[in-house]
Protein chains: 2
Amino acid sequence: MATVPRPGAYVCGIDAAMDVIGGKWKVLILWALGERPGCRFGELRRLVPGITEKVLAAHLRELEADGIVHREAYDEVPPRVEYTLTGAGRQLNEALAPLGAWGRAHVRGVPAHPAEARGAAARAAAPRAAEA
Amino acid sequence: MATVPRPGAYVCGIDAAMDVIGGKWKVLILWALGERPGCRFGELRRLVPGITEKVLAAHLRELEADGIVHREAYDEVPPRVEYTLTGAGRQLNEALAPLGAWGRAHVRGVPAHPAEARGAAARAAAPRAAEA
DNA sequence: GTGGGTGGTTACCCTGGGGTGAGCGAGCAG
DNA sequence: CTGCTCGCTCACCCCAGGGTAACCACCCAC
C-alpha cells in the first residue's frame, strides 16, 4: 500500500481508510471476523482460503496496530489466540457494506455468495449512502 | 490489483469493488472527478498532486474499462479530452462516502475539509497507528 | 525559430507486497 | 517414539504496479 506516503499524508478520509484496508486480504479478514467474532488463527486461515500464514499474521498485526482488531492471547499449552473486531472495526465493516453492495451491483462475476445468506454482514443498521 | 485472481474470483462484492479502486490513486481520481465533472487531463493531474502522467492515464483507462468514468475526446486542434463519472461512478463515489467518514473519524492526520489538505497536510506527519 | 501548452505513448527501472517453505516449542493422540 | 496441531517467525524470491523520462503531433505566443 502506501509505498511512500503521498506528499503530505492523507488528502481525505477515503485514502486514510484505503491505507488501512489496502492489503490484498484485509477486507476478507475483516469480513470473516465480522461474521465470526472471537475467531482463532487457524480458523481464520480456513475462512480466508488462499491466504498464507505469513500474510495472515502480518495483516492481523497491521489491523491490530490500526485499532481494528483486538488480539487476545491465552497462555495455554496449545497456544490459543482469539481475534475480535473492535468498535472501530465493526464500524469499518459497516462502512464497507455500501461498497460491497456497489460491487455486487456493478461488477460482473460476483457470486450471490452463500455466506451472504448467513446474514451476519448485514445485521447491523448499516449506513446506506448509496443504496439506489 | 488482484495480481492473480483468487481461486474462484471474487468472494464478495467488497473485494470486487476493491479490485476497481485498488490503484494507488484511484479514489483520489474518483473524488476529484466527483467534485469537478467534465475535468480535463491536465486539470486532473493538477488536482491529484504527485501522480504521474503515465499512472493517471493508466488509471483513467482502467476506470473507463470498468465503466466508472466516461471519456469524451474532442477532435480539436489542441487536443481536448474530458472525463466524467458515469452513473456507476457516481454511485461508487457515494458508496465510498461512509468509508471516508470512517477514515475521518478513526484515523489521525486526516484533514476535516479536503481543501485544508492541500496546504496543511504537510504538518500532518506520521500517519501511523491509532488504537482501540 | 524557440518555447510552452495540449493529451497522451513507449521504454526502462525499482521497490515492496506478497508467495513459498521451513522451523520452533510444547502437548497429546496413536 | 512418531507425527500432528497451534500460532506464529524467519529467510528467500518473484513479479507487477508504479516512478522516471523521453518522445509525438499540433498550435500559439514571443
Side-chain angles (χ1 to χ4, degrees), chain A residues 1-8 11 15 18-29 32-33 36 38-66 69-84, chain B residues 1-7 11 15 18-29 32-33 36 38-66 69-84 127:
Chain A
M1 28 214 123
T3 53
V4 66
R6 288 175 253 271
V11 175
D15 60 340
M18 286 298 296
D19 196 22
V20 170
I21 59 173
K24 188 176 176 184
W25 307 91
K26 290 264 183 77
V27 292
L28 295 181
I29 295 174
L33 277 178
R36 296 195 129 211
C39 207
R40 302 181 55 181
F41 186 89
E43 201 173 356
L44 221 37
R45 184 188 6 168
R46 269 171 252 123
L47 284 176
V48 184
I51 197 173
T52 62
E53 285 98 356
K54 173 203 162 189
V55 174
L56 178 55
H59 281 188
L60 283 172
R61 249 147 230 286
E62 290 179 25
L63 291 172
E64 191 194 358
D66 284 331
V69 307
H70 172 67
R71 175 198 153 112
E72 189 82 40
Y74 299 89
D75 199 11
E76 299 175 354
V77 170
R80 186 161 65 100
V81 184
E82 286 186 357
Y83 295 92
T84 323
Chain B
M1 295 132 272
T3 53
V4 65
R6 288 175 254 269
V11 176
D15 60 339
M18 286 299 295
D19 195 22
V20 170
I21 59 174
K24 188 177 175 183
W25 308 90
K26 290 265 182 77
V27 293
L28 296 181
I29 296 175
L33 277 178
R36 296 195 129 212
C39 207
R40 302 181 54 182
F41 187 89
E43 200 172 356
L44 221 38
R45 187 188 2 169
R46 269 169 253 123
L47 283 176
V48 184
I51 197 173
T52 61
E53 287 98 355
K54 173 203 162 188
V55 174
L56 178 55
H59 281 187
L60 283 172
R61 246 148 230 288
E62 290 180 24
L63 290 172
E64 191 195 356
D66 285 330
V69 307
H70 172 67
R71 173 196 155 112
E72 188 83 41
Y74 300 88
D75 199 10
E76 298 174 355
V77 168
R80 186 162 64 98
V81 185
E82 287 187 358
Y83 295 92
T84 324

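Numbers restart at 1 for each chain; the letters A, B, ... are given by sequence-line order, proteins then strands.
As rounded to whole Å, 10 Å separates atom P of dG17(D) from atom CG of Asp19(B). When the P atom of dA16(D) is taken as reference, atom CD of Glu62(B) falls 14 Å away, rounded to whole Å. Atom pair Leu56(A):CG and dT20(C):P shows a separation of 15 Å (rounding to whole Å applied). For the pair Trp25(A) CH2 and dG19(C) P, the interatomic distance rounds to 6 Å; values are reported in whole Å. In this structure, the CE atom of Met18(A) is 14 Å from the C1' atom of dG17(D), given to the nearest Å. Remark: P of dG17(C) and CG of Leu63(A) are 14 Å apart, rounded to the nearest angstrom. One can place NZ of Lys24(B) at 14 Å from P of dG17(D), the figure rounded to the nearest angstrom. One interatomic measurement links the two molecules: CD1 of Ile51(B) to C1' of dG17(D), which rounds to 12 Å at whole-angstrom precision.
Here the CZ atom belonging to Arg46(B) is positioned 8.5 Å from the SG atom belonging to Cys39(B), to the nearest 0.5 angstrom. Once rounded to the nearest 0.5 Å, the distance linking CG of Leu63(A) with CG of Leu56(A) reads 9.5 Å.
Residues satisfying the salt bridge (charged side-chain N to carboxylate O under 4.0 Å, His left out) criterion with Arg80(B), sequence neighbours excluded, are Glu76(B), Glu82(B). A search for side chain to side chain contact (heavy atoms under 4.5 Å, CB included) contacts involving Val55(A) returns Trp25(A), Ile51(A), Thr52(A), His59(A), not counting sequence neighbours.
No side-chain donor-acceptor contact under 3.5 Å links Glu64(A) to the backbone of Arg61(A).
Note on His59(B): a side-chain N or O is less than 4.0 Å away from OP1 or OP2 of dG18(D).
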Apply the test side-chain contact (heavy atoms from CB on, under 4.5 Å) to residues Glu53(A) and Phe41(A): give CA-CA distance (whole Å), side-chain angles for both, the deciding distance (0.1 Å), then the verdict.
-> CA-CA 9 Å; Glu53(A) 285 98 356; Phe41(A) 186 89; 4.0 Å; yes
At under 4.0 Å between heavy atoms, which parts of nucleotides 4-12 of chain C does protein reach? Answer with one letter per nucleotide, 5' to 3': B base, S sugar-phosphate only, - none.
-> --BSSS-B-
